[in-house]
Amino acid sequence: MFAKKKQPPIKSLIAQGSRIDGNITFAEGLRVDGDVVGDIRVDESQASLLVISETATVMGAVYADHLIINGRIKGPVHARELLELQPRARIEGDVYYKALEMHQGAVIAGMLCPAAPLDEKPLLTLAANSR
């Protein structure tokens with residue numbers, strides 16, 4: 001059938017009850033169950049997976065290839081490939097994505113900004129030629 005890309009393994013965890021003050025850079029996979037005050041960024045040299053669970057709160061920008069969100073984020077969200085918003089996802093900020101899967105109940109208070117494929121060029125029509 002359809003070949004699915006292999007997900008990177010989750011190698012790091014910020015546990016429920018933990019709070020990180022400061023920016024985080026991770027490789028491959030990260031699961032956040034606690035609180036983060038700062039940006040979460042991926043090492044861009046390899047594929048990445050970031051899971052924000054329903055118990056998690058992030059106050060800062062979030063960057064990853066594949067993002068699965070079921071918690072709260074206050075800040076911009078950048079998914080270079082796939083963004084999955086589960087029913088308890090709450091985002092206050094602009095959302096940038098290539099592909100989006102949004103479940104009923106998820107809430108976004110911000111702009112949705114899909115990434116345009118690089119090989120597609122917008123069709124332009126000059127007003128003088130539209131007679």
I'd like to know if [Y] and [X] are part of one continuous hydrophobic network [Ile/Leu/Val/Met/Phe/Trp/Tyr, side-chain heavy atoms within less than 4.5 Å].
| X | Y | answer |
| --- | --- | --- |
| Y97 | L49 | no |
| I73 | L112 | yes |
| L67 | I108 | yes |
| M102 | L83 | yes |
| I10 | L82 | no |

What distance do [X] atom [atom1] and [Y] atom [atom2] have between them, rounded to the nearest 0.5 Å?
| X | Y | atom1 | atom2 | answer |
| --- | --- | --- | --- | --- |
| R90 | L85 | CZ | CG | 10.5 Å |
| I40 | Y63 | CD1 | OH | 12.0 Å |
| T25 | R41 | OG1 | CZ | 7.5 Å |
| F26 | I24 | CZ | CD1 | 9.0 Å |

**Fill in**
A27 and Q46 have their tightest heavy-atom pair at CB-NE2, 4.0 Å
Which pairs would a plain distance check flag for residues 54-62, meaning a side-chain donor or acceptor within less than 3.5 Å of a matching protein atom at least two apart in sequence or in another chain?
residue, atom, partner, partner atom, Å
E54, OE2, R88, NH1, 2.8
T55, OG1, D33, O, 2.8
T55, OG1, S53, OG, 3.1

**Item:** D65: partners by side-chain hydrogen bond (donor to acceptor under 3.5 Å, both in side chains), with sequence neighbours left out
**Value:** S48, R80
Any side-chain heavy-atom pair of [X] and [Y] under 4.5 Å:
| X | Y | result |
| --- | --- | --- |
| P76 | V95 | no |
| L30 | V51 | no |
| V32 | I20 | no |

**Asked** How about E84 and H103: does a side-chain donor come under 3.5 Å of a side-chain acceptor?
**Response** no
**Message:** Tell me which one of V37, V36, I14 satisfies side chain to side chain contact (heavy atoms under 4.5 Å, CB included) with R19.
**Reply:** V37
**Item:** D39 side-chain N/O to N23 backbone N/O, donor-acceptor pair under 3.5 Å
**Value:** no
**Fill in**
Residues at least two apart in sequence or cross-chain that pass salt bridge (charged side-chain N to carboxylate O under 4.0 Å, His left out) with K11, listed by chain then number, are E28
**Message:** Between I69 and V77, is the side-chain contact (heavy atoms from CB on, under 4.5 Å) condition met? List the steps.
**Reply:** CA-CA 10 Å; I69 300 173; V77 173; 4.1 Å; yes
